Amino acid sequence: MWKSILERDDNGSQLGDNILDDEEGFCSFSPLQRIYAFSACLGAGIVCMFLSYIAFARPIRFALLFSFGNILAVGSTIFLVGPRKQIKMMLDPVRVFATVAYVICVIFALVCALWMHSVILSILAVIFEILALLWYGLSYIPFARGMVSNMIRRVFNRES
């Protein structure tokens with residue numbers, strides 16, 4: 001019953017199954033407006049990350065600003081490709097583990113900062129978040145993760 005009610009608009013006509021089915025209704029911006037929205041969201045994320053480094057003396061505030069900036073920066077691409085394609089790209093088999101690791105690290109950083117109020121855990125969580133973000137970002141560059149993995153193995157392989 002609720003599903004049929006929620007799927008109808010004001011005129012009583014049937015809507016899509018969910019908001020992701022109709023990207024045009026979700027984000028009916030022109031291409032130029034999408035670029036502006038992407039730029040604004042990415043810029044806000046970069047500003048938050050920059051401010052987090054200024055607030056480094058207060059690790060909990062640092063973790064909050066840094067994590068929020070990361071969420072804004074990664075989420076900004078929704079304006080370019082749309083929510084459905086963004087989610088499909090994030091859950092692509094090539095990067096699903098990187099996506100899950102990144103999301104878990106962001107949640108861990110926020111929990112350490114907001115709920116636990118632990119300075120040491122907040123800093124540690126942000127370090128893991130940065131590493132997970134780098135690994136996630138490398139998943140978009142063909143063969144990049146393999147090259148980085150080989151380089152790390154060579155650096156830490158001390159067998160003579």
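We're numbering straight along the sequence, starting at 1. All values derive from a computational prediction rather than experimental measurement.
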- Query: How long is the span from the CG atom in L121 to the CZ atom in F108, to the nearest 0.5 Å?
  - Reply: 5.0 Å
- Distance, nearest 0.5 Å, that separates CG of L64 from CG of L114: 4.5 Å
- Item | Over 12 non-hydrogen atoms of neighbours within 6.0 angstrom of CG in L32 | yes
- Query: Could you walk me through whether V47 and L51 pass the side-chain contact (heavy atoms from CB on, under 4.5 Å) check?
  - Reply: CA-CA 6 Å; V47 166; L51 290 175; 3.9 Å; yes
- Evaluate the ring planes of F62 and Y53, with Trp represented by its six-membered ring, and classify them as parallel (under 30°), tilted (30 to 60°) or perpendicular (over 60°). tilted
- Task: Might you confirm whether atom CZ of F38 has over 12 heavy atoms from other residues, nucleotides or ligands at distances under 6.0 Å?
- Result: yes
- Message: Quick check: is V148 connected to V155 through a chain of hydrophobic side chains (ILVMFWY, heavy atoms under 4.5 Å apart)?
- Response: yes
- Connected via hydrophobic side-chain network under 4.5 Å: V106 and V126: no
- Could you walk me through whether I130 and F66 pass side-chain contact (heavy atoms from CB on, under 4.5 Å), step by step? CA-CA 9 Å; I130 291 169; F66 189 81; 3.4 Å; yes
- So if you build clusters from Ile, Leu, Val, Met, Phe, Trp, Tyr with side-chain heavy-atom gaps below 4.5 Å, do I123 and F50 land together? no
- Quick one: closest heavy-atom pair of L72 and C48, and the distance? CD1-SG, 4.4 Å
- Item | Worked verdict on M49 versus L65 for side-chain contact (heavy atoms from CB on, under 4.5 Å) | CA-CA 6 Å; M49 285 188 275; L65 281 168; over 6 Å; no
- Message: I need the minimum non-hydrogen distance between S122 and I60, along with the two atoms involved.
- Response: OG-CG1, 4.1 Å
- Tell me whether V94 is reachable from L91 by hopping between hydrophobic residues (I, L, V, M, F, W, Y) whose side-chain heavy atoms are closer than 4.5 Å. no
- Message: Nearest 0.5 Å, please: how far is OG in S76 from CD1 in I46?
- Response: 8.0 Å
- Query: Among R84, Q86, M90, which one satisfies side-chain contact (heavy atoms from CB on, under 4.5 Å) with K88?
  - Reply: R84
- Message: Using 0.5 Å steps for rounding, measure from the OG atom of S30 to the OH atom of Y36.
- Response: 8.5 Å
- Message: Nearest 0.5 angstrom please: S52 OG to R58 CZ, how far?
- Response: 14.5 Å
- Exam field: side chain T77 to backbone L80, donor-acceptor pair closer than 3.5 Å: no
- Do R153 and N150 get their side chains close enough for a donor-acceptor pair, meaning under 3.5 Å? yes
- Report yes or no: do V74 and M89 belong to one cluster of Ile/Leu/Val/Met/Phe/Trp/Tyr joined by side chain heavy-atom distances under 4.5 Å? yes
- Shortest non-hydrogen separation from E129 to A109 and the atoms involved: OE1-CB, 3.3 Å
- Message: Tell me whether R95 contacts the main-chain N or O of Y136 through its side chain, where contact means a donor paired with an acceptor under 3.5 Å.
- Response: no
- State, to 0.1 Å, how close G82 and R34 come at their nearest heavy-atom pair, and which atoms those are. N-NH1, 4.3 Å
- Task: Could you grab the distance from atom CG of L131 to atom SG of C105, nearest 0.5 Å is fine?
- Result: 8.0 Å
- Task: List the steps and the verdict of side-chain contact (heavy atoms from CB on, under 4.5 Å) for N70 and Y102.
- Result: CA-CA 10 Å; N70 267 325; Y102 173 69; 3.1 Å; yes
- Message: Tell me whether Y140 at atom OH has more than 12 heavy atoms from other residues, nucleotides or ligands lying less than 6.0 Å away.
- Response: yes
- Message: I'd like to check V96 versus D92 (side-chain heavy atoms, cut-off strictly below 4.5 Å). Are they in contact?
- Response: no
